Amino acid sequence: MALHSMRKTRGCWSFIRALHKRPEATPAPQVAEHTQLSWILTCMVRLPRLQHLHQWKAKTTKQKQGGTVGLLTYPMLQAADVLLYKSTHVPVGEDQVQHMELVQDLARSFNKKYGEFFPVPKSILTSMKKVKSLRDPSAKMSKSDPDKLATVRITDSPEEIVQKFRKAMTDFTSEVTYDPASREGVSNLVAIHSAVTGLPVEDVVRQSAGIDTARYKLLVADAVIEKFAPIKSEIEKLKTDKDHLEKVLQVGSAKAKELAYPVYQEVKKLVGFL
C-alpha cells in the first residue's frame, strides 16, 4: 500500500510539475499538521452542514451503501490545506465554491472564538468555471466517471481524444452556436474550444460559421491535442526521472513543514492544547 501511494504521489506530482515548471511549486504530502488541524476544524462544524454539501449528496447517491466518514469529512481536510498556510486567495472550479464557503465560515468562526488569526480566503474562478462531461453535458467532467468516453485526460493519446470528441453528445442541429440553456452539448464543445485556444466564445462561434457539428468535433479535438501536447511531453519526461521527483517531494515536504509547523503550534495554544 505504501509503495502504491508513493507511486501515485510521484505520478500526480509529475502532472503538477509539468503544468507549473517552477521550483517554488512544491507539495505537502508528508505534513502531519494538515490532518491535525483538520481534526480541530472538524470539532467546530455541525454534522448537517457537511451532509448538505452538494458533492457529498451527489456522491453518496451513487454509492449503494452510502458514503464513508472519510468522504463526509474530506472538505475539512481541504479547509486545513487552505487555512494552515494562511492563504488569502484560492483558485477553484465552480464545483468547489461551496467548499470554499465552508472554509470561509470556519475561518470566521475560529477568529470569533479565539481572536483574529486566519485570513478569510477568497475564491478565484477562471472564465471556464466548470468543464462538462462529453457524454452528459448536464454533469461535470469527472475522472471517476464510469463512462470512459466522458472524460478527456491529459495523458490520452491523440487517437483517444479524437474518439472521445467524435462520441461527444450534441443534438440534431448541425450549426455551431453557444446556448447552454437549450444546446448543452454543442455549447460544452464551444466552451472547451474557447478555453484551450484562449479565444472568446463569440470569436469561436464566429470562426466556426458554416461548419457542421460533426466536423466541429474534430476541430475541437485538434485544438485540445495541440494544447495538451507540450504538457504531456513534459509529464513523460518527468516520469522517467524518479530520483528528481522524489527529491522535489522531499524538498517540498520540508518547505511545507517549515511553514505549517509554527501556524499549527499557535493554533494549539489558542484552543488550549498543551
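Here the structure is a predicted model, which means the values were calculated and not measured.
- Looking at heavy atoms from C-beta onward, K122 lies out of side-chain contact with V90 at the 4.5 angstrom threshold.
- Judged purely by atom type and a 3.5 angstrom limit, T42 uses its side chain to pair as donor or acceptor with the backbone of S38.
- Formation of a donor-acceptor pair under 3.5 Å by the S157 side chain with backbone atoms of E160 is found in this model.
- Using a 4.5 Å cut-off on side-chain heavy atoms (C-beta onward), R215 and D212 make contact.
- In terms of heavy-atom proximity, Q55 sits nearest to Q96 at NE2-NE2, 3.1 Å.
- How far CE of M44 is from OG of S109: 5.0 Å, rounded to the nearest 0.5 Å.
- Using a cut-off of 4.0 Å between Lys/Arg side-chain N and Asp/Glu carboxylate O, R49 and D105 are scored as salt-bridged.
- For the atom pair I40 CD1 and E33 CD, the distance stands at 10.5 Å (nearest 0.5 Å).
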Go through the steps to decide whether K164 and D156 satisfy the test salt bridge (Lys or Arg N to Asp or Glu O under 4.0 Å), and finish with yes or no. CA-CA 10 Å; K164 289 177 178 181; D156 282 345; 2.7 Å; yes
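- Residue F228 qualifies as enclosed at atom CZ: its count of foreign heavy atoms under 6.0 Å is above 12.
- One distance of note links NE2 of H54 with NE2 of H99; it measures 9.0 Å at 0.5 Å rounding.
- The hydrophobic clustering, which links ILVMFWY residues whose side-chain heavy atoms are closer than 4.5 Å, places V131 and M169 apart.
- Residue Y178 is grouped with residue I192 when hydrophobic side chains (ILVMFWY) are merged at heavy-atom distances under 4.5 angstrom, including chains of intermediate members.
- A heavy-atom distance below 4.5 Å is found between the side chains of L83 and P121.
- The OG1 atom of T213 sits 12.5 Å away from the CG atom of L219 when rounded to the nearest 0.5 Å.
- Contact annotation: the side chain of V267 approaches that of F118 to within less than 4.5 Å [non-hydrogen atoms, C-beta and beyond].
- Between L50 and W56 there is no side-chain heavy-atom pair separated by less than 4.5 Å.
- Put simply, the side chain of L41 does not reach to within 4.5 Å of the side chain of V45, judged on heavy atoms.
- Of the possible polar contacts, one joining the N111 side chain to the F117 backbone as a donor-acceptor pair under 3.5 Å is found.
- T177 and R183 are linked by a side-chain donor-acceptor pair at a separation below 3.5 angstrom, with hydrogens and angles left out of the test.
- Salt-bridge annotation for K132 and E184: absent, with no side-chain N of the basic residue lying under 4.0 Å from a carboxylate O of the acidic one.
- Between I161 and A221, the shortest heavy-atom distance links the atoms CG2-O, 4.0 Å.
- For residues 181-225, the ring-ring contact (aromatic ring centres under 6.0 Å, His included) pairs, not counting sequence neighbours, are H193-Y216.
- A side-chain donor from one of D179 and S182 sits under 3.5 Å from a side-chain acceptor of the other.
- No more than 12 heavy-atom neighbours from other residues, nucleotides or ligands sit within 6.0 angstrom of NZ on K227.
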side-chain contact (heavy atoms from CB on, under 4.5 Å), that's the test. Do E266 and L270 meet it? Break it down for me. CA-CA 6 Å; E266 188 64 26; L270 290 170; 4.3 Å; yes
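- Classification of R206 and D203 as a salt-bridged pair holds, one side-chain N sitting under 4.0 Å from a carboxylate O.
- Contact detail for I225 and P158: the closest heavy-atom pair is CD1-O, 3.6 Å.
- V204 pairs in a side chain to side chain contact (heavy atoms under 4.5 Å, CB included) with only one of the listed residues (V176, V220, L199), which is L199.
- In the hydrophobic clustering of this structure, L77 does not group with V92; members are Ile, Leu, Val, Met, Phe, Trp, Tyr whose side-chain heavy atoms approach within less than 4.5 Å, directly or through other members.
- Atom CD of E226 is surrounded by 12 or fewer heavy atoms from other residues, nucleotides or ligands within 6.0 Å.
- When atom types are taken as modelled, the side chain of T60 and the backbone of G67 share no donor-acceptor pair closer than 3.5 angstrom.
- More than 12 non-hydrogen atoms from other residues, nucleotides or ligands lie less than 6.0 angstrom from NZ of K57.
- Residue H89 places its NE2 atom among more than 12 non-hydrogen atoms of other residues, nucleotides or ligands, all under 6.0 Å distant.
- Using a distance-only test at 3.5 Å, with no hydrogens or angles considered, no donor-acceptor pair links the side chain of T173 to the main chain of E175.
- In the hydrophobic cluster analysis, where Ile, Leu, Val, Met, Phe, Trp and Tyr join through side-chain heavy atoms closer than 4.5 angstrom, Y114 is grouped together with L106.
- Checked by atom type and distance alone, the side chain of R135 pairs as donor or acceptor with a backbone atom of K167 at under 3.5 Å.
- Residues I124 and V97 do not share a hydrophobic cluster, defined by chaining ILVMFWY side chains whose heavy atoms lie under 4.5 Å apart.
- Contact detail for D95 and K140: the closest heavy-atom pair is OD2-NZ, 2.7 Å.
- Contact of the W39 side chain with the M76 side chain is not registered, since no non-hydrogen atoms from C-beta on lie closer than 4.5 Å.
- Considering all non-hydrogen atoms of both residues, V205 and V190 come closest at CG2-CG1, 4.0 Å.
- Under a cut-off of 6.0 angstrom, the local environment of NZ in K113 is sparse, with at most 12 non-hydrogen atoms contributed by other residues, nucleotides or ligands.
- Between K237 and E234, at least one side-chain nitrogen of the basic residue sits less than 4.0 Å from a carboxylate oxygen of the acidic one, meeting the salt-bridge criterion.
- Taking CG of L259 as the start and NZ of K255 as the end, the distance is 7.5 Å to the nearest 0.5 Å.
- Counting all heavy atoms, side chain and backbone alike, S87 lies closest to V82 at OG-O, 3.0 Å.
- Geometrically, K269 does not engage Y264 in a cation-pi contact defined by less than 6.0 Å to the ring centre and at most 45° from the axis.
- Taking the side chain as every heavy atom from C-beta outward, Y261 and V31 never approach each other to under 4.5 Å.
- One finds the CG atom of L149 at 8.5 Å from the CG atom of L134 (value rounded to the nearest 0.5 Å).
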